[in-house]
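Let me begin by presenting the structure, written as structure tokens, before commenting on it.
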Amino acid sequence: MNLSAATIAELAIHLENAELNREAVAKITDAHPDMDWEDAYAIQNTIRANKEARGVRIVGLKMGLTSFAKMKQMGVTEPIHGFITDYGACADGSVIDVDRLIHPKVEAEIAFVLKHPLKGPGVHVGDVLAATDFILPAVEVIDSRYEHFRFDLKSVIADNTSSARFVTGGQARSPLGIDLKCLGVVMEKNGEVVATAAGAAVLGHPAQSVAMLANMLATQGKELPAGTFIMTGGVTEAIAVAAGDQITVRYQHLGSVSMRFAAKSE
Ligand code: 0L1
Ligand code: MG
């Protein structure tokens, strides 16, 4: 680690304030170019601890940048992970208040809920499928706290991988008997198809994303407990949304998830 404990604590408050006050900030590596990967996760973990100390519940974990297209775009070979909060959870059909967000985008994802713990290293797709209680469709609303989306990977990790809101709905199903690689996804914005994808867009198989998360957490001495809700990363590109937009994502075998974006203060 290159940053002091005091700097990590200060950057965690800085980034969480950007989220809570809806004020975009410059990417933190501008002022801290020597920040390393451990520092980045330490800042994210401090944001998490600060939220929990105020009574926020962490209701799941997320993987980000799991699609080959996004990894290539950002010049990275490894996905990143973050956490999701109770106040980020939105019911299917929700109205999401854009006044509480900076510049939101939506991503269609496949979520897993575990019935058995997973502990790396060495977790593979077979282990994940055996440990999965059910899968369900989820749409992540990401909202980078960085001005004009100017960021690098370490800054994004520190900013809890742009996590903001998530919407679950559709139908929960066992993954057994579903070809998750070929599971088709269609995203519609205001009635028009804006993105299409198949499950294989996520690391070749969405369960691979859960396996990778378990193996990445093992390097921090952590495991995925039974009951963990995990969002495996966007199968589609992220689509920008604004007040007035209606999003519906249709998933083969899993039903659909919808939400509307509105400025509640208007
Ligand atoms: O969920 C994710 O894939 C993380 C995306 C982080 C970068 C962004 O805000 O686009
Ligand atoms: Mg995502």
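Throughout, residue positions are numbered sequentially from 1 according to the sequence presented. Start at 1 and go down the list; that is how both ligands and their atoms are numbered.
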Item to check | Reported CZ-to-CD distance for the pair Phe261 and Gln246, which is rounded to 0.5 angstrom | outcome: 9.5 Å
Checklist entry - Hey, is CZ on Arg260 packed in by over 12 heavy atoms from elsewhere, all under 6.0 Å? => result no
Item to check | Lys/Arg N to Asp/Glu carboxylate O, Asp30 vs Arg150, below 4.0 Å | outcome: yes
Checklist entry - Going by an N to O cut-off under 4.0 Å, is there a salt bridge joining Glu16 and Arg48? => result no
Checklist entry - Looking at CG of Asn45 and CD of Gln220, how far apart are the two atoms once the value is rounded to the nearest 0.5 Å? => result 5.5 Å
Item to check | Ser256 and Thr248 side chains, donor-acceptor separation under 3.5 Å | outcome: no
Next on the checklist: Students should find this: residues with any non-hydrogen atom under 4.0 Å from ligand 1. What is the answer?
Outcome noted: Lys62, Gly64, Leu65, Lys70, Glu107, Glu140, Ile142, Ser144, Phe151, Val156, Thr161, Ser162
Checklist entry - So which protein N/O/S atoms does the Mg ion (ligand 2) have within less than 2.8 Å? => result Glu107 OE1, Glu109 OE2, Glu140 OE1
Checklist entry - With respect to Phe229, which candidate in Phe112, Phe83, Phe166 satisfies the ring-ring contact (aromatic ring centres under 6.0 Å, His included) definition? => result Phe166
Item to check | Asp97 and Arg100 ion-paired at < 4.0 Å | outcome: no
Item to check | Ion pair check, Lys154 and Glu38, cut-off under 4.0 Å | outcome: no
